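Data block below; observations after.
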2 protein chains.
Amino acid sequence: MSHGHLGHPDEMPDITSRQRVVLKFIVQEYVHRGRPVGSKGLSERSAIGVSSATIRNEMADLEAAGLVQALHTSGGRIPTDKGYRYFVHHLLDEAELPAVDQIMIRHQFRQVEVQLERWVELAAAVLAETAGNVSVVTAPRPAVPRLRHFELIGLQPRLALLILVTHESLVRQVMVHWPEPVDQATLSRLADVIAGEVSGLTAAEIAARPRVADGTARFVLAQVEAALRGLETVGDTEVRHSGLQNMLAQPEFGGADAQRLLDLLRGGAFLNAVLPQLAHHADVQVFIGDENPSNDLHRFGIVVSTYGIDGEVTGLLGVVGPTRMAYGRSISSVRYMARLMSDLMADLYSA
Amino acid sequence: MSHGHLGHPDEMPDITSRQRVVLKFIVQEYVHRGRPVGSKGLSERSAIGVSSATIRNEMADLEAAGLVQALHTSGGRIPTDKGYRYFVHHLLDEAELPAVDQIMIRHQFRQVEVQLERWVELAAAVLAETAGNVSVVTAPRPAVPRLRHFELIGLQPRLALLILVTHESLVRQVMVHWPEPVDQATLSRLADVIAGEVSGLTAAEIAARPRVADGTARFVLAQVEAALRGLETVGDTEVRHSGLQNMLAQPEFGGADAQRLLDLLRGGAFLNAVLPQLAHHADVQVFIGDENPSNDLHRFGIVVSTYGIDGEVTGLLGVVGPTRMAYGRSISSVRYMARLMSDLMADLYSA
DNA sequence: ATTAGCACTCCGGAAGCGAGAGTGCTAATG
DNA sequence: CATTAGCACTCTCGCTTCCGGAGTGCTAAT
């Protein structure tokens with residue numbers, strides 16, 4: 001029952017086992033119904049078998065321990081961020097994603113075109129659906145991409161399309177303006193020659209090579225290097241998201257919060273906030289409320305995992321929701337999707 | 001002052017020139033402040049110089065003509081869809097986009113990587129920004145794409161990446177599973193041979209060719225044809241959108257409407273609804289409220305234009321907002337962006 | 001044709017009110 | 001000693017009520 005991997009290793013308050021049951025029920029009930037939960041309803045609806053008065057005492061203790069709070073003098077308790085965290089750490093029975101969902105998801109992936117971009121897209125859609133929240137997925141990036149192949153296709157006398165494929169099967173296309181007109185024959189020749197020399201290298205290795213004499217060749221090399229380097233930098237990574245409807249449907253998350261989240265997702269702020277916090281172990285990580293790095297995220301809960309092939313290509317995938325979210329389901333979904341995407345990457349990458 | 005091109009050619013009611021002034025003021029004021037406008041405020045704030053009583057009479061006439069309506073017995077008038085339409089047709093002084101904005105926009109386009117996908121993305125962002133609404137942009141599609149070049153890159157013994165470039169400089173990449181292992185040398189040979197035969201052709205023309213004997217070659221051809229055909233069908237065209245924040249900021253557009261719009265934008269329903277309505281002349285078109293084809297759109301206003309090179313590649317670009325939106329600004333923005341994108345396409349496509 | 005004046009209507013926010021739910025405390029109970 | 005019934009108290013929420021302000025149509029005067 002201990003899941004130290006799911007988050008911060010802060011020591012948690014000691015509470016009795018019955019208090020744990022109460023806390024668990026409060027979290028589940030509040031997540032489910034959205035209303036603070038009181039002693040009476042708890043003693044009746046739960047199978048705990050003690051009277052409301054006893055519950056009240058336990059609740060008082062839980063409140064003293066900082067795990068729940070009462071918004072108003074009367075009106076039941078809701079979990080604090082710390083309460084959620086305790087729940088996620090110690091109280092969550094981690095079920096696998098239901099087999100029905102698993103089958104449905106695999107089926108969808110079989111339907112779709114075999115294409116990285118489509119997978120990422122689909123992963124976002126599926127994740128949003130199964131977790132019932134906003135999902136966030138980045139395309140996988142190689143740690144240090146190596147050039148596998150590149151191609152120059154003349155579009156106009158002074159304009160060509162440079163397509164490069166990395167060893168990790170990522171594709172990038174860039175338009176190149178020539179300083180002077182170049183014909184297709186020259187392009188093909190150039191591509192052949194240069195490809196032979198630099199394929200298998202990283203951007204840094206290409207840059208370190210001795211300079212070639214030919215001006216055009218040097219120019220192409222520079223472009224290739226720049227494009228390859230573009231794949232390295234995580235800064236411009238695009239964050240796919242999906243499922244904003246789910247968030248808007250939440251009553252407590254009116255326009256303002258959704259707006260903030262949108263702003264964060266656009267422009268990479270989200271990634272920059274989350275990424276440095278991500279430890280490198282492979283399992284799902286959870287950030288709840290004020291544990292989040294960015295102030296703008298302190299009303300959200302984040303369940304996130306990396307995926308891909310360790311040391312080769314990795315992407316990020318997770319869900320964002322209100323702190324009051326179904327962490328169990330989200331964790332199952334994220335974990336499953338991360339595994340699935342990793343498998344797909346493995347199929348693609350290694351023989 | 002007549003702009004018959006902006007929408008439906010329905011005949012409009014005859015109203016006096018003073019009524020036109022009143023209507024214009026009502027639309028502008030309502031768009032700006034979001035509250036119904038009454039006779040008193042209008043007579044004071046506008047430079048019209050008549051008393052509120054006179055305004056009331058004029059308003060009654062406008063209401064009889066179906067151009068404005070009173071939501072409640074007391075509480076001012078708001079424009080009807082028909083009123084907006086009249087405004088857009090006859091009352092709008094169409095200014096060009098301010099020079100400052102133009103410069104700013106061009107600057108941004110110069111900053112960004114020369115790449116079609118980036119342009120589309122940027123166009124969406126810029127349009128949302130300048131129009132202050134949700135923007136919608138599709139990547140340009142050729143009417144009938146012709147193959148310019150394609151490339152086969154082996155990833156694994158039985159998996160290869162098929163990259164094809166059309167005459168219009170669009171790129172598409174598809175993964176191909178071989179029925180049996182094929183090595184890179186064979187791939188290159190295949191690509192060379194086949195490319196020579198089918199480059200310059202459309203999907204239909206490729207399909208019509210006599211069958212080649214070699215099984216693998218036939219397989220490749222089928223894949224190429226399918227991929228090329230995929231570029232023809234508009235069904236799966238992805239609709240980029242941006243600026244949802246702007247919509248959420250509107251008080252009257254709570255979660256429900258935003259949700260509906262999101263649903264529409266996802267899954268291509270939006271395109272399918274708007275596309276058949278689009279006439280083929282090149283200028284901006286406006287759909288207001290119940291003029292919209294889809295019932296789901298009847299609370300929205302749409303300002304949209306095609307862009308690209310006539311008969312060659314065309315895309316769609318526009319903004320969606322509440323019927324109460326600043327049509328003038330939106331039209332300027334859309335028109336300008338359509339021109340800009342068309343110019344960029346022209347640079348790319350023709351010599 | 002325009003406008004001042006008037007009686008009327010209706011929205012929207014403030015205030016009031018009771019029901020329901022929840023709380024802490026105390027005293028009784030096993 | 002833990003548990004629980006009972007009680008007095010508090011607070012929210014939804015309801016009504018109640019104006020003030022803004023807007024309207026109509027009529028009569030200019």
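Because the structure is a prediction, the values reported are computed rather than measured. Sequence lines set the chain letters: A, B, ... in the order given, protein chains first and strands last, and positions in each chain run from 1.
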Taking CG from B/Asp61 and C1' from D/dC26, how many angstroms apart are they, rounded to a whole number? 15 Å
If I take atom CZ in residue B/Arg35 and atom C1' in nucleotide C/dC10, what distance separates them, rounded to the nearest angstrom? 17 Å
Sub-3.5 Å donor-acceptor pair from the side chain of A/Thr80 to the main-chain atoms of A/Leu67, do we have one?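 Present.
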Using a cut-off of 6.0 Å, state whether more than 12 heavy atoms not belonging to A/Glu129 lie near its atom CD. no
Got a second to check how far A/Ile78's CD1 is from A/Ile26's CD1, nearest 0.5 Å?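 Separation between the atoms: 10.5 Å.
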How far does NE2 of A/His241 sit from CG of A/Leu264, to the nearest 0.5 angstrom?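 If we round to the nearest 0.5 Å, A/His241:NE2 and A/Leu264:CG are 11.5 Å apart.
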Would A/Gln259 and B/Gln245 count as having a side-chain donor-acceptor pair, cut-off 3.5 Å?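 No, because no side-chain N or O of A/Gln259 sits under 3.5 Å from a partner of the opposite role on B/Gln245.
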Runs of at least three Watson-Crick or G-U pairs with DNA chain D, cut-off 3.5 Å: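 Output for stems: C:1-30 with D:1-30.
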Among [range], which contact DNA chain D at a heavy-atom distance under 4.0 Å?
range                     : result
residues 65-79 of chain A : A/His72, A/Thr73, A/Ser74
residues 51-59 of chain A : A/Ser51, A/Ala53, A/Thr54, A/Arg56, A/Asn57
residues 37-49 of chain B : B/Gly38, B/Ser39, B/Lys40

Here the pair of heavy atoms bringing A/Val320 nearest to A/Asn133 is O-CB, 3.5 Å
Per salt bridge (charged side-chain N to carboxylate O under 4.0 Å, His left out), A/Glu29 is matched among A/Arg77, A/Arg324, A/Arg45 by A/Arg45
Using the ring pair (Phe, Tyr, Trp, His ring centres under 6.0 Å) criterion, which residues pair with A/Phe300? Sequence neighbours excluded.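 Expected list: A/Phe253.
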So, are B/Lys24 and B/Asp93 salt-bridged, with charged N and O less than 4.0 Å apart?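 Salt bridge flag = yes for B/Asp93 with B/Lys24.
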Strictly under 6.0 Å, is that where the ring centroids of B/Tyr327 and B/Tyr84 end up? yes
I'd like to check the salt bridge (Lys or Arg N to Asp or Glu O under 4.0 Å) partners of A/Asp296; sequence neighbours left out, ordered by chain and number.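 Result, salt bridge (Lys or Arg N to Asp or Glu O under 4.0 Å) vs A/Asp296: none returned.
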